[in-house]
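Below: the structure, in C-alpha cells.
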There are 2 protein chains.
Amino acid sequence: MAPDSPAEESPSRGKRADAQRNRQTVLTAAAEVFVTSGVDAPIRRIAAQAGVGMATIYRHFPTRADLVTAVYRHQIEACAEAGPDLLARAESPLDALRRWIDLFVDFLVTKHGLADALQSDDDRFATLHAYFLDRLLPVCAQLLDAAVESGEIRPGTQPYELMRGIGNLCIGRDDDPRYDPRRLIALLLQGLQGHQRPQAS
Amino acid sequence: MAPDSPAEESPSRGKRADAQRNRQTVLTAAAEVFVTSGVDAPIRRIAAQAGVGMATIYRHFPTRADLVTAVYRHQIEACAEAGPDLLARAESPLDALRRWIDLFVDFLVTKHGLADALQSDDDRFATLHAYFLDRLLPVCAQLLDAAVESGEIRPGTQPYELMRGIGNLCIGRDDDPRYDPRRLIALLLQGLQGHQRPQAS
DNA sequence: ATATTAAAGGGAGCGATGCTCCGTTTCAGG
DNA sequence: CCTGAAACGGAGCATCGCTCCCTTTAATAT
C-alpha cells in the first residue's frame, strides 16, 4: 500500500511545517480535553490547552465533527477493520456479531458524550453521524447478513436501525451502576434470535 | 378525593390573581414553543411568545425541568395511571406491559427532544429525570413483576434499566423512516421472553 | 375611595460559548 | 535577505442562561 492515501488520510500533507505541527498539537490537546470534559468541550478550552488561537482550530477542523472524527479516526478504523476479522475467526457469525458489538460499545462508553453527540440533532454533529455510518454500517451489515444467513438470527432487521439502537442505548451518564447498556444490548440480541432453535441448515 | 391535592398539584393556589393568570399564559406558550422548537427552546422565546419577561418564567418555574414537567404533567400522570388499568384489562401481564410501553413511547416520540433531555447529563434536566422516575418507575416495576410472575418473561431485568433503555431508544430525530424505536423495543421485549415459546395457552 | 405594602413583573446586564473577520506573524522559495 | 502567501491569534459579534433591581400592580387596611 502506498504511504499516501488518496482521500483524507492526512489533510496536512504538503502544507506548511508549522501548520502540520499545530494540527498535531490541536489533535492531542483535543484528545486530552475530550477525556475530561467530553466531546462538547468549549473550543476555547481546547485552544487554550493547545496554546493556539481558536481560528487555528477552526481552520484545521471547520466543524466540531471534523475534530472529533480526527481524534478518534484510528479507533473507528480499527473497529471497522475488526469486523471481517471477527467473522473469519469467531465460532459463528452470531458470535462475531456479538464480539463486534462489544467492541463498538466499549469504544462508545469510554468517550464521554460521544454516543450522545452521535444521535444529537445538533447540526454541528451531522457529519460525525455520517462518518460513523459510512465507515461502520457496511461492517455491521456484513455481520448481520452473515448471522441471518447462518440461521442464527431472524431476518428483517436493518443494519442502520440496529446500529443506531445500540448507539442510543449507550447514551447518558456512564457512572450509574443501575444502568449497563450491555445488558440491554444482550437482550436485544436475544430478541434477534427470536424463537428459532439451532436449526440444521 | 378532595379537589386540592396536598403537594404540588397547583403551586399557584392562594397566589395573586395576575400570578395565576401569568402562570397559565406561560404554560400554554411553552407548550406551543415546545412543539415547534423542542424542549430546549430558549427561555427568551417562550417569554416572548407569552408576552412576559424572562424573570416571570423563572419565578414560576425555577428550572427548565420544572417548566417541562408542568407542561406535560397531565400526560405523565395519565401514563402512570394507565399502568394498573392495563394490568386489569389486558389479556396478560405481558400484554399489559407491551401496551403500557406503547403509551410511553407514543408520549416520548411526539415531544421533540424530550427523550433527549431525559437522559441528558445537563444538570438543568436532572429533576426532570427524577420526576419521570418517581412517577413511572413504580408503574413499570409493577407491570414487569406481574409479567415475570406469570412466567411470560424472564426475571432479572431491573425496571430502571428497562425504562431508561426504552427512553434511550426514543432519542434522536423522529423524521428518519429508517429508524423506528418501536421495532427495537419489540425486539427487546422479545429478548425478555427469553427462549420461552410464544404462547401455548 | 384612597393609601399602603408586599408580591409580581419586566428587562437590562453579566458571563459563557460558537463562530468570524482582519491585522499581524511566520514560513518557504527565489 | 526579501517577499508573498499561508497561517496565526484574538478581538468582536451574536445567542443564550440566569440574576438583579427598579417599576407596576393587586390585595388589604383605613
Side-chain angles (χ1 to χ4, degrees), chain A residues 10-30 33-34 36-68 70 112-113 116-117 120-128, chain B residues 10-30 33-34 36-68 70 112-113 116-117 120-128:
Chain A
S10 184
S12 57
R13 197 59 50 101
K15 298 295 181 178
R16 258 169 54 172
D18 56 344
Q20 297 186 37
R21 228 180 320 119
N22 266 343
R23 192 190 141 88
Q24 252 336 102
T25 306
V26 167
L27 235 34
T28 56
V33 174
F34 284 169
T36 64
S37 307
V39 294
D40 263 322
I43 298 291
R44 272 178 170 81
R45 199 194 309 279
I46 300 173
Q49 170 81 24
V52 303
M54 283 186 302
T56 299
I57 297 186
Y58 280 108
R59 209 171 297 112
H60 284 294
F61 310 99
T63 77
R64 199 185 209 80
D66 294 324
L67 180 55
V68 176
H112 291 156
D116 305 55
S120 166
D121 54 6
D122 193 328
D123 293 329
R124 289 175 297 166
F125 289 119
T127 54
L128 184 61
Chain B
S10 184
S12 56
R13 198 57 50 101
K15 297 295 181 178
R16 258 170 52 170
D18 56 343
Q20 297 186 38
R21 229 180 318 120
N22 267 342
R23 192 191 142 87
Q24 254 335 104
T25 305
V26 167
L27 234 35
T28 57
V33 174
F34 284 171
T36 64
S37 308
V39 295
D40 264 323
I43 297 290
R44 272 184 229 280
R45 199 194 309 279
I46 299 173
Q49 169 81 22
V52 303
M54 285 186 302
T56 299
I57 296 186
Y58 279 108
R59 207 171 299 111
H60 285 294
F61 311 99
T63 77
R64 198 184 210 80
D66 294 324
L67 180 55
V68 177
H112 292 156
D116 305 55
S120 166
D121 54 5
D122 192 327
D123 293 329
R124 289 174 298 166
F125 288 118
T127 54
L128 184 61

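All chains are named by letter (A, B, ...) in the order of the sequence lines, taking the proteins before the strands, and each is independently numbered beginning at 1.
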With sequence neighbours excluded, what pairs up with T28(B) under the side chain to side chain donor-acceptor pair (under 3.5 Å) test?
none
In Å, rounded to the nearest 0.5 Å, how long is the span from CG of L128(B) to CG of D122(B)?
10.5 Å
D18(A) pairs by side-chain hydrogen bond (donor to acceptor under 3.5 Å, both in side chains) with which of R16(A), Q20(A), R21(A)?
R16(A)
Got a sec, which residues hit salt bridge (charged side-chain N to carboxylate O under 4.0 Å, His left out) with R59(B), two or more places apart in sequence or on another chain?
none
In whole angstroms, the gap separating P of dC18(D) from CG of D66(B) amounts to 11 Å
Check: D66(B) side chain, T63(B) main-chain N or O, donor-acceptor pair, under 3.5 Å
yes
Taking all atoms of both residues into account, what is the closest heavy-atom pair of F125(B) and A65(B), and its distance?
CA-CB, 4.3 Å
Residues which pass side chain to side chain donor-acceptor pair (under 3.5 Å) with D121(A), listed by chain and number, not counting sequence neighbours:
none
Atom CZ of F61(B) and atom P of dA8(C): how far apart are they, to the nearest Å?
13 Å
Show each protein N/O and nucleotides 28-30 of chain D N/O combination with a separation under 3.5 Å, one pair to a line.
none

To the nearest Å, give me how far apart CZ (R21(B)) and C1' (dA8(C)) are.
11 Å
Is any side-chain heavy atom of V39(A) less than 4.5 Å from a side-chain heavy atom of R64(A)?
no
OP1 or OP2 of dA7(D) less than 4.0 angstrom from a side-chain nitrogen or oxygen of H60(A), does that happen here?
no
Could you list all the side-chain hydrogen bond (donor to acceptor under 3.5 Å, both in side chains) pairs where at least one residue sits in residues 41-57 of chain B, not counting sequence neighbours?
E32(B)-Q49(B)
Separation of dT15(D) atom P from D123(A) atom CG, nearest Å, is 16 Å
For nucleotides 5-7 of chain C, which of its nitrogen or oxygen atoms have a protein nitrogen or oxygen under 3.5 Å away, and what is each distance?
residue : atom : partner : partner atom : Å
dA7(C)  : N3   : R16(B)  : NH1          : 2.8

Could I get the full list of side chain to side chain donor-acceptor pair (under 3.5 Å) partners for D40(A), not counting sequence neighbours?
none
Using OP1 and OP2 only, check whether a side-chain N or O of N22(A) sits under 4.0 Å from dA7(D).
no
Bend angle of the helix from dA1(C)-dT30(D) to dG30(C)-dC1(D), from helix axes over five pairs at each end, nearest 10°
10°
Nearest-angstrom distance from the residue atom OH of Y58(A) to C1' of dA11(D):
15 Å
Contacts of A30(B) meeting side chain to side chain contact (heavy atoms under 4.5 Å, CB included) (sequence neighbours excluded), chain-then-number -> F34(B), I46(B), L67(B), V71(B)
For R59(B), answer base if it contacts any base atom (sugar-phosphate contacts may also be present), sugar-phosphate if it contacts only those atoms, and nothing otherwise; contact means non-hydrogen atoms under 4.0 Å.
base
Nearest whole angstrom, please: distance from the P of dA16(C) to the CG of D122(B).
17 Å
Interface with DNA chain C, restricted to residues 42-57 of chain B and to heavy atoms under 4.0 Å:
R44(B), G51(B), V52(B), G53(B), M54(B), A55(B), T56(B)
First locate atom CG of L27(A), then atom CG of N22(A), and finally report the distance between them rounded to the nearest 0.5 Å.
11.5 Å
Residues forming a side chain to side chain contact (heavy atoms under 4.5 Å, CB included) with A50(A), sequence neighbours excluded
T25(A), V26(A), A29(A), V52(A)
Length of the line joining L67(A):CG and dG18(C):C1', which is rounded to integer Å:
14 Å
5'-most contact on DNA chain D: D18(B) or P62(B), nearest heavy atom basis?
P62(B)
